[in-house]
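Structure, as structure tokens:
Residue numbers count from 1 along this sequence.
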Amino acid sequence: MARLLIKGAEEALGANTGAAKIFSNARLVRVVNTTGNAHLVTLVASVGGAVVGSFTLAGGDSVELEKEPLQGVFAANAGVKASAIGYSN
């Protein structure tokens with residue numbers, strides 16, 4: 001069983017690049033879709049910056065997103081939440 005090191009509080013993702021979250025410069029973020037519908041999750045170069053990439057997260061699913069410290073994450077719905085994580089031995 002994988003163990004996670006929780007590095008911050010879970011919070012709803014912002015809805016646009018200006019409201020993107022960097023999670024205290026985290027390199028690894030757990031993203032969970034708490035809704036029953038799929039929603040787009042977007043990675044940006046910085047808060048308010050250009051889009052690096054995006055993916056659709058199915059309802060009820062979660063992923064571990066690796067990013068650069070200043071890159072931000074936002075989603076198309078506030079039901080998509082995230083928190084900074086790490087791995088524990």
Side-chain angles (χ1 to χ4, degrees):
M1 174 189 286
R3 297 188 319 181
L4 294 178
L5 176 63
I6 305 300
K7 293 186 161 189
E10 182 177 79
E11 56 185 301
L13 291 177
N16 56 56
T17 186
K21 310 278 186 176
I22 63 170
F23 298 97
S24 300
N25 299 333
R27 289 189 173 272
L28 188 61
V29 177
R30 178 180 180 266
V31 182
V32 60
N33 183 351
T34 64
T35 76
N37 299 317
H39 293 292
L40 190 67
V41 177
T42 303
L43 180 68
V44 292
S46 61
V47 174
V51 172
V52 173
S54 61
F55 63 95
T56 298
L57 186 59
D61 276 359
S62 66
V63 297
E64 294 172 359
L65 177 65
E66 189 173 338
K67 66 180 203 59
E68 294 300 320
L70 295 179
Q71 288 179 326
V73 184
F74 71 90
N77 186 284
V80 180
K81 300 179 181 188
S83 61
I85 63 168
Y87 291 110
S88 175
N89 291 332

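Looking at Glu64 and Leu4, their side chains come closer than 4.5 Å, going by heavy atoms from C-beta outward. Proximity of Leu28 to Tyr87: side-chain heavy atoms (C-beta onward) are separated by under 4.5 Å at one or more points.
Taking both residues in full, the closest heavy atoms of Ile85 and Ile6 are given as CG2-CD1, 4.3 Å, listed atom of the first, atom of the second, then distance. Among all heavy-atom pairs drawn from Ala20 and Val44, the shortest one is CB-CG2, 3.8 Å.
A distance of 11.0 Å separates CD of Gln71 from CG of Asn25, quoted to the nearest 0.5 Å. Between the CZ atom of Arg30 and the CG atom of Leu65 there is a distance of 12.5 Å, given to the nearest 0.5 Å.
Salt-bridge formation is not detected for the pair Lys81/Glu11: no Lys NZ or Arg NE/NH1/NH2 atom is positioned less than 4.0 Å from an Asp or Glu carboxylate oxygen.
Take Glu10 and apply the side-chain hydrogen bond (donor to acceptor under 3.5 Å, both in side chains) test, not counting sequence neighbours, and it matches no residue.
Ser24 places no side-chain N or O within 3.5 Å of a backbone atom of Ala26 that could act as its donor or acceptor partner. Using modelled atom types, one side-chain atom of Lys67 and one backbone atom of Ile22 make a donor-acceptor pair closer than 3.5 Å.
A side-chain contact (heavy atoms from CB on, under 4.5 Å) with Val80 is found for one member of Thr34, Val41, Leu40 and no other, namely Val41. When each of Leu57, Thr56, Asn33, Leu13 is checked for a side-chain contact (heavy atoms from CB on, under 4.5 Å) with His39, only Asn33 meets the rule.
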